[in-house]
Protein chains: 2
Amino acid sequence: MTSSAKGKQSDISLAVCGYSRVLEIISNKWTALVIYALENGSIRYGEMERRIEGISKKMLTQTVRKLEWNGLVQRHITPTVPPTVEYTLTPLGESLLQPMRELRQWGRENYWHVEAARANYDLTYCKESQSLTN
Amino acid sequence: MTSSAKGKQSDISLAVCGYSRVLEIISNKWTALVIYALENGSIRYGEMERRIEGISKKMLTQTVRKLEWNGLVQRHITPTVPPTVEYTLTPLGESLLQPMRELRQWGRENYWHVEAARANYDLTYCKESQSLTN
DNA sequence: CTGAATCCTAGAGGATACTG
DNA sequence: CAGTATCCTCTAGGATTCAG
């Protein structure tokens, strides 16, 4: 529609695309897992660290800070000694849960198709192992 | 539920999480835009290049190849001179459109909230400019 | 027209040590 | 407990050139 008559130029742009805006927010390595950990309610820093396999303090803090910066997560400090810090999804963050759940659902249902396609591609074009796999 | 009685150990894992599996597929810089370009049917290489603002041949080819590898896109070559190459979403690729549209919709509706949250965060914690913005 | 091959840089992310 | 601060590696992605 945009390119109906004359204007055949680029109509798809990183800066404008809604996909890209969301991906800019959730496409980091650990972001989805942190949201995942928060989807059932508030949780403390240490428990997130324990629940998310393989995450380091640095990456956890960095991820959770960016989420807070984006307004998806609320950080609440109780000034005890030692400190107690609770993280919670904001309403904005919760509104993202539904679309993300659908994505997760797609992954659960279809990932085996993806793996099959990869195996087939490699077999077809590479004969033996590797290619895009390694 | 998984960690009800005793097992308080990590129950969220990159290797298993459905989110992460999907993100592994669509979280590259140009992937979403390429799928976007394909959502209304087959399209040729050159037209994708023209429609997607700022993409280079290298990245277009790389992105589209990975999509093909994952079974989301079908590549069809007509051996004319010069060659004609058509790209089309496979049924698997089309099945991803719905969840992605919801993500895009979320972005369109809520991105301004995100920007507002960022501005507020920066104002609160940094007084002046930069922080995570730069 | 549709790529492949090189070279290069910025930044994401890991390992480790230290702290209020 | 909940982080900071450094240092270092690795690779996604850009620029450019060549080719069937």
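Letters go in sequence order (proteins before strands), and every chain restarts at 1.
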Distance check: side-chain N/O of [X] vs OP1/OP2 of [N], anything under 4.0 Å?
X	N	answer
A/Tyr87	D/dG3	yes
A/Arg75	D/dG3	yes
A/Arg65	D/dT4	yes

Worksheet entry | same_hphob_cluster(B/Tyr121, A/Ile35) at 4.5 Å side-chain heavy-atom cutoff | no
Discussion item. Given the structure, check if the side chain of A/Lys58 and the base of D/dG3 hold any donor-acceptor pair shorter than 3.5 Å.
Written reply: no
Discussion item. Considering every strand and a 4.0 Å limit on heavy-atom distances, what is the contact class for B/Thr61: base, sugar-phosphate, or nothing?
Written reply: sugar-phosphate
Practice prompt. Give B/Lys57 one of three labels, base, sugar-phosphate or nothing, depending on what nucleic acid heavy atoms sit under 4.0 Å from its own.
Written response: base
What is the distance from [atom1] of [X] to [atom2] of [N], rounded to the nearest Å?
X	N	atom1	atom2	value
B/Leu23	D/dA12	CG	P	15 Å
B/Leu60	D/dG14	CG	P	12 Å
A/Lys29	D/dC10	NZ	C1'	11 Å
B/Ile55	C/dT2	CD1	C1'	14 Å
B/Arg51	C/dC1	CZ	C1'	18 Å
B/Tyr45	C/dT2	OH	P	8 Å
A/Met59	D/dA2	CE	C1'	17 Å
A/Arg50	D/dC1	CZ	P	7 Å

Worksheet item: If you pin B/Glu86 and A/Gln62 to their nearest nucleotides in DNA chain C, which one's is more 5'?
Response: B/Glu86
Practice prompt. Hey, which sits more toward the 5' end of DNA chain C by its nearest nucleotide, B/Thr84 or A/Pro82?
Written response: B/Thr84
Worksheet item: For the side chain of B/Asn28, counting heavy atoms from C-beta on, which of D/dG13, C/dG14, C/dG13 is nearest?
Response: D/dG13
Practice prompt. Could you pick out which residue, A/Leu14 or A/Arg44, lies toward the 5' side of DNA chain D when each is mapped onto its nearest nucleotide?
Written response: A/Arg44
Discussion item. Main chain of A/Ala116, side chain of A/Asn120: is a donor-acceptor contact present, judged purely on distance under 3.5 Å?
Written reply: no
Practice prompt. With the side chain counted from C-beta on, respond yes when B/Trp30 and A/Ile12 share a heavy-atom pair under 4.5 Å apart, and no when they do not.
Written response: no
Discussion item. According to side-chain contact (heavy atoms from CB on, under 4.5 Å), who are the partners of A/Lys57, at least two apart in sequence or on a separate chain?
Written reply: A/Tyr45, A/Glu49
Fill in: Six-ring centre of A/Tyr125, B/Arg65 cation under 6.0 angstrom, axis tolerance 45°
no
